Every structure is written in structure tokens, then in C-alpha cells.
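Notes follow once the structure below has been shown.
Quick caveat: nothing in here was measured; it's all calculated off a predicted structure.
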Amino acid sequence: MDGLRFAFGTLTVFPARITRWDRDAARAGMLCAPLAGLVVGLFAAGLGGAFLALGSGPLLAAVVSTAVPAVLTRGLHLDGLADTADGLGSAKPAEDALRIMKQSDVGPFGVIVLLLVLFAQVAALFELYGESWAHGAAGAVLAATVARLALTHASRHGVPAARPEGLGAIVAATVPVRSATLSTAVVLVLCAASGLLFSPYDAIHNVLAAGAALGAAAALLRRCVRRFGGVTGDVFGAVEETATATALVALALG
């Protein structure tokens, strides 16, 4: 329960009272992160489907499904994406780049990346909802779940924190590699099972999309660790949004 409270209390706006703020709770929370993503994805799919049922087109449903995760996370992951883009684009030493990321304003790199990522998510969901409500809903749920699984991997052993304080410091290097691998296997099985509801091809497609999302998130994570010396809360947000966009685009390309 401490892990569930930590996951939902830090990754969503749901009223989960965090009773423990230590590395043991953080480890359990990051292992529960995909479950928090599943709930967020279900809300996004449900509201998108409701708009379709009310007569809206797939574009409006796609916008709504993209907006729901932003609302349910207070926009923190999008803010982290923008701040990380500013830090990476600054070409300054790690200490200066981290200081730029802590500033409240958003620079040109952050604005550009934020717009492109959101456009990619909306465009991909538009394609999926255009195929059918079920494909759009499944895509929204898969992307949200796999994106939070990317946070589990970002918290695994061997990934240091860039700062001695903040969310990044409390969760960095808490998840054993074996536990992260087991969580990945469970999520991939669920991705394949959801695809089988449509066809064997969709099962394979879902797994490949999830793999692409995790690969893109891992590449960004490596870049941030080399650039900043470790992870921060902003980096976690950037990893999550990158995985979300990659998963949706991979699904739409099928």
C-alpha cells in the first residue's frame, strides 16, 4: 500500500496520502508506476470514447484523450519535458544546465519540443480513433501504461541522481534490474493480450510499439545521465512524455 500511495501520490492528482517518503517506499512506488499509468490511460480512453459517443469526430476525441493525462498529472510531466529540452539545448555545463531547468520560465527549446510532442500525440490518436473507438482507446491505455513503465526503468539501479534533493534523488537507483525486467515482462504480456482482442497482428504490433517506446525513453535517459550527471524530476517527466509519444506514433504507423 505504501508503494501504491507513493505512485499515485507523486504521479497523479488522485487523493493518495503518502505515508512514507523514503527509498523503500520509492522503490515500491516506481514498481507500481505502470498501474498508475493504466488508470490514467483508462480515464483518457473513457473520455475520448464519451466524446465520440456524443457525436464528435476523431480529432476532438484525440485532443481530449491527450488533455486528460496532462490534467491528471497537473502538467508536471509536460513541464519536465520542456525544462529538460531547455537544459539539453543550452549547451552549457551540467551545473548551469540544471540551474536553467529549475527556472520557472520556458525557453525556446522547451516550447518547440513541447508543441511537437503534443502534436505527435494528438495526430497519432486521431489516426487510431479514425480507425475505430476501440483502437483509439487501446492506444491511449497502452501508451500511458508503457510510459510509466519507462519511469520504472529510469529508477533502476545504476542510474544516479543529478541533485541531492528532489523527486529524482529519492527514487534514483531504487529499483533492482531484475524487478524492472519482471515488470516489463508483465506489461508486455498485457500489451500482447490486449492486441489479441483485435488480431494476432495487433498483438505483435502492440509489443513492438511498447518496445519502441521503451527504447526511445532509454535513449533519452542515457543522454540526460551523460549530460546532467544523473536524473531529476524533470528528466522523469521528459522520459514519460517521450515514451507516450513514441508508443502512439508506433501504433499509428501500423
Side-chain angles (χ1 to χ4, degrees), residues 4 7-16 32-82 114-152 187-188 190-191 193-195 197-198 202 205-207 209-210 212-214 216-217 236-254:
L4 287 173
F8 281 89
T10 57
L11 301 178
T12 73
V13 298
F14 296 118
C32 292
L35 181 58
L38 174 64
V39 174
V40 170
L42 288 172
F43 272 90
L47 194 57
F51 268 71
L52 286 176
L54 291 172
S56 81
L59 179 57
L60 184 55
V63 172
V64 169
S65 290
T66 302
V68 168
V71 172
L72 292 182
T73 59
R74 300 186 184 90
L76 290 179
H77 294 159
L78 292 171
D79 179 68
L81 173 67
L114 191 61
L115 288 175
L116 290 176
V117 168
L118 286 173
F119 280 145
Q121 293 180 15
V122 170
L125 279 168
F126 169 71
E127 295 291 337
L128 294 172
Y129 276 124
E131 187 171 352
S132 73
W133 169 82
H135 280 89
V141 174
L142 183 149
T145 305
V146 172
R148 274 66 179 183
L149 175 62
L151 299 184
T152 304
V187 172
L188 292 180
L190 293 176
C191 289
S194 65
L197 298 175
F198 301 100
D202 284 292
H205 190 194
N206 282 4
V207 172
L214 294 175
F236 274 85
V239 165
E240 188 273 336
E241 291 295 337
T242 298
T244 298
T246 304
L248 291 173
V249 169
L251 290 171
L253 288 177

(Q) Assess the residue pair L11 and T73 against the criterion (side chain to side chain contact (heavy atoms under 4.5 Å, CB included)); give the C-alpha distance rounded to whole Å, side-chain angles, the decisive distance to 0.1 Å, and a yes or no. (A) CA-CA 6 Å; L11 301 178; T73 59; 5.9 Å; no
(Q) Taking C191's backbone N and O only, do any of them form a donor-acceptor pair with S194's side chain (distance below 3.5 Å, no angle check)? (A) yes
Q) Heavy-atom count around F8 CZ within 6.0 Å, excluding the residue itself: above 12? A) yes
(Q) Keeping S65 on the side-chain end and A44 on the backbone end, is there a donor-acceptor pair under 3.5 Å? (A) yes
Q: For T152 and A33, work out which heavy atoms get closest and say how close.
A: OG1-CB, 4.0 Å
Q: State the CG-CG distance between L188 and L214, to the nearest 0.5 angstrom.
A: 6.5 Å
Q.
Using every non-hydrogen atom in the two residues, find where A62 and V122 come nearest and quote the distance to one decimal.
A. CB-O, 3.5 Å
Q) Run the side chain to side chain contact (heavy atoms under 4.5 Å, CB included) check on E241 and L114 step by step: do they pass? A) CA-CA 9 Å; E241 291 295 337; L114 191 61; over 6 Å; no
(Q) So which atom in L251 and which in A209 form the shortest heavy-atom distance, rounded to 0.1 Å? (A) CD2-CB, 3.6 Å
Q. How long is the span from the CD atom in E240 to the CG atom in L78, to the nearest 0.5 Å?
A. 8.0 Å
Q) Rounded to the nearest 0.5 Å, how far does CD of Q121 lie from CG of L116? A) 11.5 Å
Q: Taking all non-hydrogen atoms of both residues into account, name the closest pair between T12 and A36 and its distance.
A: CG2-CB, 4.2 Å
Q | Test item: V117 and T242 side chains (from C-beta on) under 4.5 Å apart, heavy atoms | A | no
Q) For the atom pair CG (L60) and CZ (F126), what is the distance rounded to the nearest 0.5 Å? A) 11.5 Å
(Q) Return the CG to OG1 distance between L142 and T244, rounded to the nearest 0.5 Å. (A) 10.0 Å
(Q) Set out, in order, the CA-CA distance, both residues' side-chain angles and the distance that settles ring pair (Phe, Tyr, Trp, His ring centres under 6.0 Å) for Y129 and F51, then state yes or no. (A) CA-CA 11 Å; Y129 276 124; F51 268 71; over 10 Å; no
**Q.** Pairwise distance CG(L248) to CD(E127) - rounded to 0.5 angstrom
**A.** 12.0 Å
(Q) Tell me whether F14 at atom CZ has more than 12 heavy atoms from other residues, nucleotides or ligands lying less than 6.0 Å away. (A) yes
Q: Check P34 against V187 and note the closest heavy-atom contact, atom names and distance.
A: CB-CG2, 4.1 Å
Q.
Keeping H77 on the side-chain end and V239 on the backbone end, is there a donor-acceptor pair under 3.5 Å?
A. no
Q: Compare every heavy atom of V71 with every heavy atom of V13, then report the nearest pair and how far apart it is.
A: CG1-O, 3.7 Å
